[in-house]
Number of protein chains: 2
Amino acid sequence: MRQIKHPAIEQVELTDLMYALSDPTRLEIVARLAAAGRKMTCGEFDLNRPKSSMSHHFKILRSAGLVETLIEGTEHMNALRVADIEQKFPGVLQSVLKALDQA
Amino acid sequence: MRQIKHPAIEQVELTDLMYALSDPTRLEIVARLAAAGRKMTCGEFDLNRPKSSMSHHFKILRSAGLVETLIEGTEHMNALRVADIEQKFPGVLQSVLKALDQA
DNA sequence: TCTATTGTTCGAATATAATCGAACAATAGA
DNA sequence: TCTATTGTTCGATTATATTCGAACAATAGA
């Protein structure tokens, strides 16, 4: 079963993380993943964007180390790499999620 | 004495903040301001960039609510709006600064 | 093997950002 | 008033990002 490659958390730069989080669509994806607390397929987000656009944003989230995508059958299951990000950038993701919550 | 206008912290969006912090030059400016713990002139940073480029980055830092610029004579004194950002986005700037520290 | 489902990749168009020299503005001080 | 200092603004160039339709790839299930 083919799987997508992800960066090791050590090689993720802070600028990559900030950049990934600077787009409203991607922030929304991150917020929903966090709120759901489970793996979600790309299709589940329903953000009124064509799939090529969604795929683009997921690619950037993956390259920033924020999202891990596991292929299960024809579906791509996406999960936040909460522990990895927390280890590499303690507090950053948590506080961003908190800010998203009350927005 | 003319002064530069800054956004009220309430109207700063999280995406603005993330975007401002996604550029290496701007992160460096923020890191130095935090490390210095005092107001600094644009010229003090000495990042080997023309002043028009530096001015551009400061403009973005200001629009993100991160930096406050006070004009004193011919100098523009820049300070991090630590308290404002902390109030609006608790923990975000602190954790980013911590991540910058050990990088 | 054929088809439907789920995403990715490609390519092109549009939009946004970074960069930097040159001109400009405000002020301090001679 | 003249000059030096400090940044900003302007304008043009180059580089990156976003967007989306269309074509493609992998898999499940009939």
Side-chain angles (χ1 to χ4, degrees), chain A residues 1-7 13-30 32-33 36 38-64 66-80, chain B residues 1-7 13-30 32-33 36 38-64 66-80:
Chain A
M1 186 203 292
R2 297 196 131 271
Q3 290 296 349
I4 293 181
K5 280 214 169 187
H6 298 84
E13 304 277 347
L14 183 57
T15 48
D16 300 331
L17 182 61
M18 295 295 103
Y19 168 65
L21 295 173
S22 70
D23 178 273
T25 301
R26 292 194 289 266
L27 266 184
E28 178 68 26
I29 292 172
V30 168
R32 293 205 193 184
L33 275 177
R38 60 173 175 81
K39 295 183 287 185
M40 294 175 70
T41 67
C42 303
E44 266 187 284
F45 290 87
D46 201 21
L47 296 179
N48 276 331
R49 298 268 185 322
K51 7 178 235 171
S52 56
S53 298
M54 291 300 286
S55 184
H56 165 72
H57 287 302
F58 274 102
K59 193 174 188 177
I60 288 168
L61 289 171
R62 278 193 296 265
S63 73
L66 268 166
V67 165
E68 182 178 37
T69 304
L70 299 173
I71 303 180
E72 297 182 2
T74 60
E75 296 184 324
H76 291 206
M77 303 306 302
N78 300 285
L80 271 188
Chain B
M1 185 204 294
R2 298 196 129 270
Q3 288 297 348
I4 293 181
K5 281 213 169 185
H6 297 84
E13 305 276 349
L14 183 57
T15 49
D16 299 331
L17 182 62
M18 296 295 104
Y19 168 65
L21 295 173
S22 70
D23 179 273
T25 301
R26 292 194 290 268
L27 266 185
E28 179 68 26
I29 292 172
V30 168
R32 293 205 192 185
L33 275 176
R38 60 174 175 81
K39 294 184 287 184
M40 294 174 71
T41 66
C42 302
E44 265 187 285
F45 289 88
D46 200 21
L47 297 178
N48 276 330
R49 299 265 185 322
K51 8 179 235 174
S52 56
S53 298
M54 291 300 286
S55 184
H56 164 73
H57 288 302
F58 274 102
K59 193 173 189 179
I60 289 168
L61 289 171
R62 279 193 295 267
S63 73
L66 268 166
V67 165
E68 183 179 37
T69 304
L70 300 172
I71 303 180
E72 297 180 3
T74 61
E75 295 184 324
H76 291 206
M77 303 305 301
N78 299 285
L80 270 188

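Letters A, B, ... are given to chains in the order of the sequence lines, protein chains preceding strands, and every chain is numbered from 1. Keep in mind the model is a prediction, meaning the values are calculated, not measured.
Within the nucleic acid shown, B:H56 comes within 4.0 Å of at least one base atom, counting heavy atoms only.
Straight-line distance from the CG atom of A:D46 to the P atom of C:dT6: 13 Å, rounded to whole Å. Summarising the geometry, the separation between CD1 on A:I71 and P on D:dA25 is reported as 15 Å, rounded to the nearest angstrom. Put simply, CG on A:D23 is 13 Å from C1' on C:dA15, counting in whole angstrom units. In this structure, the CZ atom of B:F58 is 15 Å from the P atom of C:dC20, given to the nearest Å. Remark: P of D:dA22 and NZ of A:K51 are 12 Å apart, rounded to the nearest angstrom. For the pair B:H6 NE2 and D:dT8 C1', the computed distance is 13 Å after rounding to whole Å. Between A:F45 atom CZ and C:dT6 atom P the separation is 15 Å, expressed in whole Å. The CG atom of A:L47 sits 11 Å away from the P atom of D:dT19 (whole-angstrom rounding).
Counting only distance, with no hydrogens or angles, the side chain of A:R38 and the backbone of A:A36 share no donor-acceptor pair below 3.5 Å. Using a distance-only test at 3.5 Å, with no hydrogens or angles considered, no donor-acceptor pair links the side chain of B:Q3 to the main chain of B:L70. In this structure a side-chain-to-backbone donor-acceptor pair under 3.5 Å is present from B:R32 to B:F45.
Note on B:Y19: a side-chain N or O is less than 4.0 Å away from OP1 or OP2 of C:dA18. Using a 4.0 Å cut-off, no side-chain N or O of A:R49 falls inside it from OP1 or OP2 of D:dT18. The phosphate of D:dG7 (OP1 or OP2) has a side-chain N or O of B:T41 nearer than 4.0 angstrom. The side chain of B:S55 contributes no N or O atom lying less than 4.0 Å from OP1 or OP2 of D:dG7. For the OP1/OP2 pair of D:dT9 and a distance below 4.0 Å, the side-chain nitrogens and oxygens of B:K59 include at least one atom meeting the criterion. Side-chain N/O atoms of B:H76 include none lying less than 4.0 angstrom from OP1 or OP2 on C:dA26.
Between A:T41 and A:M77, some side-chain heavy-atom pair lies under the 4.5 Å cut-off.
Across the strands present, D:dT13 finds its partner in C:dA18; the criterion is a Watson-Crick or G-U wobble pair with both atom distances under 3.5 angstrom. Pairing for C:dG29 goes to D:dC2, judged as Watson-Crick or G-U wobble with the two contacts each under 3.5 Å. Across all strands shown, D:dA23 forms a Watson-Crick or G-U wobble pair, both distances under 3.5 Å, with C:dT8.
Tested against A:K39, the residues A:H76, A:E72, A:E75 include a single side chain to side chain donor-acceptor pair (under 3.5 Å) partner, A:E72.
If you check the side chains of A:R26 and A:H57, you find a donor sitting under 3.5 Å from an acceptor.
Of the listed nucleotides (C:dA18, D:dT18, D:dA22), C:dA18 has the atom at the smallest distance from the side chain of B:I60. Checking C:dT27, C:dT9, C:dA22 against every side-chain atom of B:S52, the shortest atom distance belongs to C:dA22. For B:R2, whose side chain is taken as the heavy atoms from C-beta onward, the closest listed nucleotide among C:dA26, D:dG7, D:dC20 is C:dA26.
Of the two residues contacting DNA chain D, namely B:R62 and A:T74, the nearest-nucleotide position lying further toward the 5' end is that of B:R62.
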